Amino acid sequence: MTEAFSLAGKRVWVAGHAGMVGSALVRRLGRENCTILKATRKELDLRRQADVETWMAANKPDAIFLAAAIVGGILANESHPAEFLTDNLQIQTNIIATADKLGVAKLLFLGSSCIYPRLAPQPLKEEYLLTGPLEPTNQWYAVAKIAGIKQCQAYRRARGRDFISAMPTNLYGPNDNFDLASSHVLPALLVKAHQAKLAGAQELTVWGSGNPRREFLHVDDLADACVFLMQRYSADEHVNVGIGSDVTIRELAEMISAAVGFTGKFVYDSSKPDGTPQKLLDCSRLHGLGWHAGTSLPDGIAATYKWYLENAA
Ligand code: GFB
């Protein structure tokens with residue numbers, strides 16, 4: 001597919017540049033001939049509309065990757081419903097509405113596979129959006145992300161803006177959150193397996209039943225897909241971004257233990273929630289455009305463990 005929107009010579013704002021997704025985007029955009037704009041949290045509170053307007057008017061982005069969000073694993077979502085709903089709505093609304101006001105040429109909004117109904121058929125096609133009830137543990141975050149898709153569509157229709165949305169599956173990689181209380185499952189199990197190995201422990205605690213199925217995409221693959229979509233995609237419909245296969249949490253724990261060298265057994269903590277039974281994206285739309293993920297899960301886990309040892313352990 002041809003490149004309809006060139007990033008060459010453009011001022012490109014990565015909103016949320018310090019996070020796992022934003023920092024992957026900054027790495028990937030280093031290969032494009034563009035000027036990357038960043039605003040630290042100290043410089044700009046994205047929840048404050050007037051501050052966002054002032055910063056954007058002064059910095060004049062031509063294109064925006066909207067990767068800024070309050071994110072977290074299943075427990076963080078359950079424990080902070082107000083922040084996951086309100087802060088995310090504020091951040092995305094301020095940026096999208098100001099991008100419209102200033103006539104920003106292109107914007108890509110990032111969502112999540114939790115936008116789909118809890119019991120939607122698998123793999124999840126884009127058209128399953130709003131066809132059933134959401135997963136209760138992350139409904140607050142999901143509602144904000146669904147609103148973001150609709151905001152992009154609304155500005156496309158009403159104002160002719162080239163705002164698009166990408167919906168990644170569960171992500172992992174460098175700069176992930178490795179805090180056990182608020183992280184997602186993959187970094188959590190990496191830390192737990194590593195600490196259990198060091199302590200010579202015989203057991204590792206896995207939350208829930210181990211039966212839920214999840215699909216895991218390396219964040220560098222997501223960044224590559226986002227740049228691809230920014231350059232080549234322009235339509236109302238959001239686009240799923242995944243790897244095409246999923247594993248049970250039990251299988252994930254086994255893969256991580258093998259990578260880390262933990263040889264003990266798993267104990268399942270049924271006081272913790274399972275969440276959605278399965279989340280596997282149908283990526284036919286993205287594959288049809290010509291993009292495929294390049295990192296296998298075992299390779300991605302090995303690379304992330306190496307990164308963790310060198311940077312965060
Ligand atoms: O990754 P995770 O926190 O989020 O949990 P979701 C995935 C599964 O792993 C759940 C289990 O069934 C957890 O119970 N799990 C097992 C663990 N051990 C652990 C552990 O030590 N830590 C964690 N965190 N989980 C999130 C949503 O859902 O996914 C967000 O809450 C977002 O809104 C994100 O969509 C991508 O996949 O269940």
Side-chain angles (χ1 to χ4, degrees), residues 19-21 67 69-85 87-89 110-120 122 124 129 134-149 166-173 176-196 203-219 222 238 240-243 246-257 260 262 265-281 297 301 304:
M20 176 172 67
V21 173
I70 306 294
V71 298
I74 193 162
L75 218 56
N77 271 262
E78 268 201 318
S79 321
H80 304 285
E83 289 81 2
F84 274 79
L85 179 58
D87 290 19
N88 282 321
L89 282 172
L110 272 151
S112 160
S113 59
C114 70
I115 57 163
Y116 293 110
R118 171 183 162 81
L119 297 177
Q122 307 282 327
L124 296 155
L129 184 67
L134 296 166
E135 156 63 30
T137 54
N138 55 35
Q139 57 181 314
W140 324 99
Y141 182 71
V143 165
K145 292 298 182 182
I146 293 168
I149 296 174
M167 294 303 120
T169 191
N170 287 35
L171 301 167
Y172 69 97
D176 206 342
N177 169 13
F178 291 92
D179 165 60
L180 291 180
S182 57
S183 68
H184 290 96
V185 61
L186 195 152
L189 292 181
L190 258 184
V191 172
K192 286 184 189 176
H194 176 69
Q195 290 177 348
E203 289 181 352
L204 180 162
T205 303
V206 178
W207 293 357
S209 66
N211 296 327
R213 303 189 69 89
R214 294 288 185 274
E215 176 186 20
F216 297 96
L217 177 72
H218 193 280
V219 73
L222 172 71
H238 62 280
N240 287 342
V241 188
I243 187 168
D246 60 359
V247 292
T248 64
I249 297 303
R250 184 185 308 259
E251 287 164 343
L252 178 73
E254 285 163 1
M255 290 169 92
I256 288 174
S257 297
V260 169
F262 167 73
K265 61 172 188 159
F266 306 130
V267 175
Y268 293 93
D269 176 0
S270 58
S271 73
K272 296 288 193 304
D274 267 349
T276 314
Q278 185 177 18
K279 271 191 286 184
L280 173 63
L281 293 177
L297 183 54
I301 289 173
T304 305

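For ligands, and for the atoms within them, numbers begin at 1 and follow the listed sequence. The figures here come from the full heavy-atom set of this structure, side chains too, leaving out hydrogens, waters and symmetry mates. Since this is a predicted model, take the numbers as computed values, not measurements.
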Report, in ascending order of atom number, the atoms of ligand 1 lying under 4.0 Å from any heavy atom of [X].
X: Ala188; value: 20 (C), 21 (O), 22 (N)
X: Lys279; value: 6 (P), 26 (C), 28 (O), 29 (O), 35 (O), 37 (O)
X: Pro212; value: 12 (O)
X: Ile249; value: 8 (C), 9 (O), 16 (C)
X: Asp274; value: 10 (C), 12 (O)
X: Gly73; value: 3 (O), 31 (O)
X: Lys192; value: 20 (C), 21 (O)
X: Cys114; value: 33 (O), 35 (O)

Handout entry: Aromatic plane relationship, Phe84 with His80 - under 30° parallel, 30 to 60° tilted, over 60° perpendicular
Key =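 Judged by the thresholds at 30° and 60°, the geometry between His80 and Phe84 is parallel.
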Exercise for the section: Report the relative orientation of the aromatic rings in Phe216 and Tyr172; use parallel for angles under 30°, tilted for 30 to 60°, perpendicular for over 60°. Expected result: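 Plane angle over 60°, so perpendicular.
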Problem - Spacing of CG belonging to Leu110 relative to NZ belonging to Lys145, to within rounding of 0.5 Å - result: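 If I round to the nearest 0.5 Å, the distance is 7.0 Å.
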Is [X] near ligand 1, meaning one of its heavy atoms is under 4.0 Å from it?
X: Glu78; result: no
X: Thr276; result: no
X: Thr137; result: no

Quick one, [X] and [Y] - any side-chain contact, counting heavy atoms below 4.5 Å?
X: Leu124; Y: Gln122; answer: yes
X: Met167; Y: Ile149; answer: yes
X: Arg213; Y: Leu280; answer: no
X: Leu186; Y: Asn170; answer: no

Practice task
Return the option from Arg214, His184, Glu135 holding the heavy atom at the smallest distance from atom 34 (C) of ligand 1.
Solution key: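 Checking each option, the heavy atom nearest atom 34 (C) of ligand 1 is found in His184.
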Exercise for the section: Measure from atom 22 (N) of ligand 1 to every heavy atom in Trp140, Tyr116, Trp207 and give the option owning the shortest one. Expected result: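 When every heavy atom of Trp140, Tyr116, Trp207 is considered, Trp207 comes closest to atom 22 (N) of ligand 1.
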Practice task
Please confirm whether Leu189 comes within less than 3.5 Å of ligand 1 when only nitrogen or oxygen atoms on both sides are compared.
Solution key: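 Leu189 vs ligand 1: no N/O contact under 3.5 Å.
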Problem - Between Ser209 and Asp274: side-chain donor-acceptor atoms closer than 3.5 Å - result: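 Yes, Asp274 and Ser209 have a side-chain donor paired with an acceptor closer than 3.5 Å.
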